[in-house]
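Numbering starts at 1 and runs along the sequence shown.
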Amino acid sequence: EIVVSWEAVPNAGSYTVRCGDLEPVTVTDATTYTFKELQTATEYTVSVVAVPSDKEKYLASAAGTATATTGGAIVYTTIAEIHAAAEEGTYNIKDVTVVAVGAKTALLKDATGYLFSYQTLDVAVGDVINILNATTSTYGKRQIKSGAEVEKVGTTTVNHPTATVVADGAAFTALSQNYGIGDYVQVTASELSVGSYINFTVTGATVSGSLIIPTEDLSAYNGLPVTITGYCCYLSGSYFYLFPTEVKSEPYLKADPSA
């Protein structure tokens, strides 16, 4: 990317900013503009023209020009390397598959592991994407917090793995203490509680369960026993979070809980 900055010009109503052969951009409320998605290791000529607010009284300025060269090839990091990093940071990730999407979240996978995105991304299940400038935080496990820019590079079919059945409350407690993000499990809850958060109770467990809020409305299941299938995400305090791919209640089986 190239960031173009300039000093404000008296009586200017806007600025016309150019970068190489790209379409010119009109800036009205700032004295800086960032051109993104440029070719790497390439020199560009940039220019800025001040356009007067009163064109009958003032003329446009002469163009101020400069040259700038973009950086080299993008350095990508694997999801496994992000989890193994000693500190949080900002990363680029290549060839990531979207395996699940929530109301404001997503679960991502590359060849090395899974990564939860707390940042809302404009993606769908099956999208294959590159992610640039993703800033991470640690909330139980490492996750994307902000700044991520998404480049869609393809689509694929997502086949969820065979779920490991969590037998009882003791097993659910043990799972919450020793899990990998992306572990795919099936849990039987004695009750689902749907409110600002979607929590569930597993009889005999010493931790509570909570769902990453899905795109579907689960209010019809409020107060019912349910079977939840989904991916392990993180433990926060006494709540163990799952990213659900299916929630059902017998004998009230509903493929679409909002129906």
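- When all heavy atoms of H160 and Y231 are compared, the closest pair comes out as ND1-OH, 2.7 Å.
- Contact annotation: the side chain of C233 never approaches that of Y114 to less than 4.5 Å [non-hydrogen atoms, C-beta and beyond].
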N/O donor to acceptor pairs below 3.5 angstrom from side-chain atoms of residues 55-64, sequence neighbours left out:
residue: S61; atom: OG; partner: A50; partner atom: N; Å: 2.8

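- Residue pairs meeting the salt bridge (charged side-chain N to carboxylate O under 4.0 Å, His left out) criterion with at least one member in residues 161-177: none, sequence neighbours excluded.
- Using modelled atom types, one finds a donor on one side chain and an acceptor on the other under 3.5 Å when comparing T32 with S5.
- In the hydrophobic clustering of this structure, V96 does not group with V153; members are Ile, Leu, Val, Met, Phe, Trp, Tyr whose side-chain heavy atoms approach within less than 4.5 Å, directly or through other members.
- Sequence neighbours left out, the pairs with a member in residues 26-45 that pass salt bridge (charged side-chain N to carboxylate O under 4.0 Å, His left out) are K36-E149.
- Between F172 and A205, the shortest heavy-atom contact is CD2-CB, 3.9 Å.
- Without hydrogens or angle criteria, S249 side chain to P225 main chain gives a donor-acceptor distance under 3.5 Å.
- When side chains are defined from C-beta on, I131 counts as touching L108, because their heavy atoms get closer than 4.5 Å.
- For residues 152-163, the pairs satisfying salt bridge (charged side-chain N to carboxylate O under 4.0 Å, His left out) are D127-K152, with sequence neighbours left out.
- Heavy-atom minimum distance, T112 versus A80: OG1-N, 2.9 Å.
- Using a 4.5 Å cut-off on side-chain heavy atoms (C-beta onward), R18 and T16 make contact.
- With no hydrogens or angles considered, a side-chain donor-acceptor pair links T138 and E88 at under 3.5 Å.
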Side-chain atoms of residues 175-204: list all donor-acceptor pairs with protein atoms under 3.5 Å, sequence neighbours left out, distances to 0.1 Å.
residue: S176; atom: OG; partner: T173; partner atom: O; Å: 2.6
residue: Y179; atom: OH; partner: L235; partner atom: N; Å: 3.0
residue: D183; atom: OD2; partner: G180; partner atom: N; Å: 2.7
residue: Y184; atom: OH; partner: T245; partner atom: OG1; Å: 2.7
residue: Q186; atom: NE2; partner: T229; partner atom: OG1; Å: 3.4
residue: S190; atom: OG; partner: T201; partner atom: O; Å: 3.2
residue: N199; atom: OD1; partner: S210; partner atom: OG; Å: 2.8

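- Separation of atoms SG (C19) and CD (E1) is listed at 11.0 Å; rounding is to 0.5 Å.
- In this structure, the side chains of L211 and V247 come closer than 4.5 Å at one or more pairs of heavy atoms.
- In this structure, the side chains of T69 and T42 stay at 4.5 Å or more apart for every pair of heavy atoms.
- Hydrophobic clustering, defined by side-chain heavy atoms of Ile, Leu, Val, Met, Phe, Trp and Tyr closer than 4.5 Å, groups V25 together with I2, V4, W6, V9, Y15, V17, L22, V27, Y33, F35, L38, Y44, V46, V48.
- Under the 4.5 Å side-chain heavy-atom criterion for ILVMFWY residues, no single connected hydrophobic cluster contains both I74 and I93.
- In terms of heavy atoms, F243 sits closest to G102 at CZ-N, 3.3 Å.
- Distance check, rounded to the nearest 0.5 Å: CG of L132 to NZ of K94 gives 9.5 Å.
- Atom CG of L218 and atom CG of L224 lie 11.0 Å apart (nearest 0.5 Å).
- Here the CD1-OG1 distance, from I144 to T90, works out to 11.0 Å after rounding to the nearest 0.5 Å.
- Pairs passing the ring pair (Phe, Tyr, Trp, His ring centres under 6.0 Å) check and including a residue from residues 90-111, sequence neighbours excluded, do not occur.
- Test L107, D110, T136, I79 against L115 for side chain to side chain contact (heavy atoms under 4.5 Å, CB included) and you get one pass: I79.
- Looking at every heavy atom in both residues, P10 comes nearest to A8 through CD-O, 4.0 Å.
- A donor-acceptor contact shorter than 3.5 Å links the side chain of R142 to the backbone of E87.
- Judged as a ring pair (Phe, Tyr, Trp, His ring centres under 6.0 Å), the pairs with a partner in residues 124-157 (not counting sequence neighbours) are, in order, Y139-Y234.
- Across all non-hydrogen atoms, the minimal contact from A106 to V123 is CB-CG2, 4.3 Å.
- Residues F116 and V128 do not share a hydrophobic cluster, clusters being chains of Ile/Leu/Val/Met/Phe/Trp/Tyr side chains in contact below 4.5 Å.
- The hydrophobic side chain of V165 is isolated, with no ILVMFWY side chain under 4.5 Å apart from it.
- Here side-chain hydrogen bond (donor to acceptor under 3.5 Å, both in side chains) pairs that include residues 70-84, with residues two or more places apart or in two chains, are T78-E81.
- The side chain to side chain contact (heavy atoms under 4.5 Å, CB included) check on T28 picks up S14, T26, with sequence neighbours excluded.
- Pairs of residues two or more places apart, or lying in two chains, never qualify as side-chain hydrogen bond (donor to acceptor under 3.5 Å, both in side chains) while including a residue from residues 115-125.
- At distances below 3.5 Å, at least one donor-acceptor pair connects side-chain atoms of N92 with backbone N or O atoms of V75.
- When atom types are taken as modelled, the side chain of T34 and the backbone of V3 share no donor-acceptor pair closer than 3.5 angstrom.
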